[in-house]
Amino acid sequence: MSHVVIRIESTAHTAGVGMITSEGEILSNQRAVYIPEEGGIHPREAANHHTESLPELFRKALKEAKLEPNDISLVSYARGPGLGPCLRTGATAARAFAYSHGIPLLGVNHCVAHLEIGILEGATDPVFLYLSGGNTQVIAYAAGRFRVFGETLDIGIGNGLDKFAREVGMGFPGGPKLEKVARGPELLDLPYSVKGMDMAFSGLMTAAKSKLDAGHSLESVAFSIQETAFAMSCEVSERALAHTGKKELVLGGGVACNSRLREMAMTMAEERGIRCFVPERALCVDNGVMIAWLGHQMMGADYSISEEDNVVDQKYRTDMVEVTWR
Ligand code: ATP
Ligand code: FE2
């Protein structure tokens, strides 16, 4: 049996257990998503959900992968960034599984995991457009780190979509629900906030709500939100591509499931004559496989696990990770 890594994702609403071989073959990708009954995500309730879901996710993943615990060579889990109670739940589950079966344990960065699973699509040295609930960043590798070239100055794009959808009574998660109705026909004028390489989305979502209250259709408002927010993200990505001279673009994060975003990014890449890589949707959203894969990448470079690697960190930024495996 080749090197298999189990990964536990538990940073916010998703609990996940994934298994992947050292050749990058995905053996299982089990997920359970906490959906709040009303309002936003409550960290303690989400953590309780994960505590209840994780044992079953482990069982299902092992069964689907046709593995025994002693076939597994590494347990990795998301060390951060994320919500404290959720991170601690994932770390505890990972530690329990690893210690009870005598397997090494490694905490890894959630954002870098989104990035590396995209690189597995075939990219070598890309600019990465990472759009999720809590994060909106344009990232590229330079001098030993994944550098953040541009990012949101206020809320993550996905959280903005979720908040808008909640306010108009569509429920969670808002991104996919808004995508379904984003038909136009009107393209409304909404704040387009790109400041240097950074972006802002809060004003856009507030203005969108005002447009709706002023009588514009939900179809037109949702369409306009997507067109504006995705154009901003693509503009910053294109600027990072021009600045770094890189020839590949990789998309990742839950919002990268959106077909219109994929289309806009691919058009931009085509016009620049570069390649665009888009992971399948189950690998764009939070998932265990990406954590497993990053753990494997790190260990492959003779990484020696330190005590600090297994301390959860709610504010563990992308550019804090020393990239030893590239
Ligand atoms: P992170 O910690 O990386 O910020 P996350 O906890 O937000 O991750 P993800 O699964 O990466 O989790 O992303 C979830 C977000 O993706 C939600 O805000 C959701 O609305 C958004 N999303 C999912 N599908 C779509 C879609 N088709 N269109 C737009 N947004 C989407
Ligand atoms: Fe995520």
Side-chain angles (χ1 to χ4, degrees), residues 7-16 18 29 31-36 40-41 43 46-47 49-50 77-87 90 108-118 128-137 139 146 148 151-152 154-168 170-182 201 205 222-223 225-230 233 251-265 278-291 293-294 312-318:
R7 174 275 191 176
I8 301 177
E9 160 59 26
S10 171
T11 51
H13 43 69
T14 304
N29 184 9
R31 305 170 65 238
V33 180
Y34 159 76
I35 298 186
I41 174 169
H49 163 270
H50 300 343
Y77 66 95
R79 205 184 126 190
L83 304 170
C86 301
L87 292 173
V108 305
N109 183 288
H110 174 99
C111 309
V112 175
H114 272 293
L115 199 163
E116 281 291 343
I117 201 72
F128 181 61
L129 174 57
Y130 169 34
L131 303 179
S132 65
N135 291 286
T136 304
Q137 295 182 327
I139 302 164
F146 288 117
V148 178
E151 65 186 315
T152 179
D154 47 38
I155 50 171
I157 186 168
N159 284 357
L161 296 170
D162 293 339
K163 181 163 176 281
F164 176 85
R166 193 164 66 233
E167 280 173 4
V168 304
M170 296 179 93
F172 179 87
K177 294 189 168 135
L178 287 170
E179 178 178 13
K180 283 211 182 80
V181 301
F201 297 99
M205 299 303 168
F223 172 71
I225 293 175
Q226 288 198 170
E227 293 303 302
T228 312
F230 298 163
S233 315
L251 303 189
V255 181
C257 291
N258 189 288
S259 299
R260 179 61 183 136
L261 171 76
R262 289 169 172 235
E263 185 182 39
M264 280 166 90
V278 188
E280 61 173 275
R281 287 177 169 80
L283 297 178
C284 284
V285 291
D286 286 350
N287 65 87
V289 170
M290 67 180 189
I291 303 290
W293 182 242
L294 174 56
V312 299
D313 182 354
Q314 292 188 54
K315 302 211 178 306
Y316 190 22
R317 278 182 58 90
T318 307

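In this chain, residues are counted from 1 in sequence order. Start at 1 and go down the list; that is how both ligands and their atoms are numbered.
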Hey, does [Y] have a side-chain heavy atom less than 4.5 Å from the side chain of [X]?
{"X": "P81", "Y": "C111", "result": "yes"}
{"X": "M264", "Y": "Q226", "result": "no"}
{"X": "R281", "Y": "P176", "result": "no"}
{"X": "I225", "Y": "M205", "result": "yes"}

Which atoms from ligand 1 have a heavy atom of [X] less than 4.0 Å away?
{"X": "E179", "value": "26 (C), 27 (N), 28 (N)"}
{"X": "H13", "value": "5 (P), 6 (O), 7 (O), 10 (O), 12 (O), 14 (C)"}
{"X": "V285", "value": "10 (O)"}
{"X": "H114", "value": "3 (O), 11 (O)"}
{"X": "G134", "value": "4 (O), 7 (O)"}

Of [options], which has the heavy atom at the shortest distance from [atom]?
{"atom": "atom 24 (N) of ligand 1", "options": "C284, G254, G175", "value": "G254"}
{"atom": "atom 26 (C) of ligand 1", "options": "A229, G133, G158, P176", "value": "P176"}
{"atom": "atom 5 (P) of ligand 1", "options": "N258, D286, D162", "value": "D286"}

* Asked: Who passes side chain to side chain contact (heavy atoms under 4.5 Å, CB included) against D162, sequence neighbours left out?
  ->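 Checked D162 against side chain to side chain contact (heavy atoms under 4.5 Å, CB included); matches are N159, F172, P173.
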* To do: Go through the steps for V289 and L283 under the test side chain to side chain contact (heavy atoms under 4.5 Å, CB included), then give the verdict.
  => CA-CA 8 Å; V289 170; L283 297 178; 4.1 Å; yes
* To do: Apply side chain to side chain donor-acceptor pair (under 3.5 Å) to K163 and list each qualifying residue two or more places apart in sequence or on a separate chain.
  => E167
* Could you see which bit of L161 sits under 4.0 Å from ligand 1, with heavy atoms only: side chain, backbone, both or neither? => side chain
* Please indicate whether any nitrogen or oxygen in H110 is less than 3.5 Å from any nitrogen or oxygen in ligand 1. =>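 Between H110 and ligand 1 (N or O atoms, distance only) the closest approach is under 3.5 Å.
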* **Donor + acceptor pair across side chains of Y130, N135 (<3.5 Å)** =>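 Per modelled atom types, Y130 and N135 side chains form a pair under 3.5 Å.
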Quick check on [X] - does any of its heavy atoms sit under 4.0 Å from an atom of ligand 1?
{"X": "G156", "result": "no"}
{"X": "F172", "result": "no"}
{"X": "V255", "result": "yes"}

* What class does the angle between the rings of H110 and H114 fall in, given that below 30° is parallel, 30 to 60° is tilted and above 60° is perpendicular? -> perpendicular
* Asked: N/O/S of H110 less than 2.8 Å from the Fe ion (ligand 2)?
  -> yes
* Asked: Going through the distances and angles, do L87 and Y77 end up as a side chain to side chain contact (heavy atoms under 4.5 Å, CB included)?
  -> CA-CA 9 Å; L87 292 173; Y77 66 95; over 6 Å; no
* **At the Fe ion (ligand 2): angle between D286 atom OD1 and H114 atom NE2, to 10 degrees** => 100°
